[in-house]
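Heads up, the thing below is written out as structure tokens.
Atoms considered below: every heavy atom in the structure, side chains included; atoms not considered: hydrogens, waters and symmetry mates. These numbers come from a predicted model, not from an experiment. Atoms within each ligand, like the ligands themselves, are counted from 1 in listed order.
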Amino acid sequence: MDYRDNIEKVLITAEELAQMVDNLAAQISRDYADKDLLLVCILKGSMIFTGELMQRLTIPSQVDFMKVSSYGSGTTAGVLKVHLDLKRDDLDSKDILIIEDCIDTGRTLGGLSRYLKGKGCRSVKTCALLDKPSRREITFAPDYVGKEIPNEFVVGYGLDYDEDYRSLPYIAVLKPECYN
Ligand code: PRP
């Protein structure tokens, strides 16, 4: 089976993604030049973005991984469930940058920012490759954003539909029949 048969349209090409990640890496390298940067990759969707971003940084950085989910209703941040946590004892000296593939309601990043601030990290900021501001349910604004996109279900570059399509090198919308 060829995944490409299921693509309705490519929303962001590989070339545009590379440009977006270049721009983010340049900003982050500038802003964190005198800090102690720890990238926190949120599994699974952010794995490719985190690796590509990290390679382009011109400053030292470390990476660690978390897996979280969140649920809730209304305009409150909701409940954060931590499936994989950071296991390190140097967080008080670290400037954390949470790396996320896509922001939707804002609950995950809102809840996770609060959680990591509570662990005493020196600073906590957020970086998302994609943002769907029209889907926001709580007040949350990331510190770095690759691109705002409309409310379409997208896959590729780490993002999945039912765990498939993460390996596509671009961001795409699937044909409607694929969701059935
Ligand atoms: C997606 C995405 C964020 C979250 C954003 O993760 O990677 O973590 O949803 O949604 P929110 O803004 O509404 O909180 P998903 O649960 O799909 O997990 P995955 O990264 O493992 O695919």
Inset, instruction - Compile the protein residues with any heavy atom at a distance under 4.0 Å from an atom of ligand 1; present them by chain, then by number. - result: Leu43, Lys44, Gly45, Lys67, Ser70, Glu100, Asp101, Cys102, Ile103, Asp104, Thr105, Gly106, Arg107, Thr108, Asp160, Arg166
Legend entry - Sequence-distant partners of Tyr32, ring pair (Phe, Tyr, Trp, His ring centres under 6.0 Å), two or more places apart: none
Legend entry - salt_bridge(Arg88, Asp64) N-O dist < 4.0 Å: yes
Legend entry - Results of salt bridge (charged side-chain N to carboxylate O under 4.0 Å, His left out) for Lys9 - residues two or more places apart only: Glu152
Legend entry - Expected output: side-chain Thr58 to main-chain Ser29 donor-acceptor under 3.5 Å: no
Inset, instruction - Using side-chain hydrogen bond (donor to acceptor under 3.5 Å, both in side chains) as the criterion, list what pairs up with Arg56, not counting sequence neighbours. - result: Asp22, Glu52
Inset, instruction - Indicate, with yes or no, if the rings of Tyr170 and Tyr157 have centres closer together than 6.0 Å. - result: no
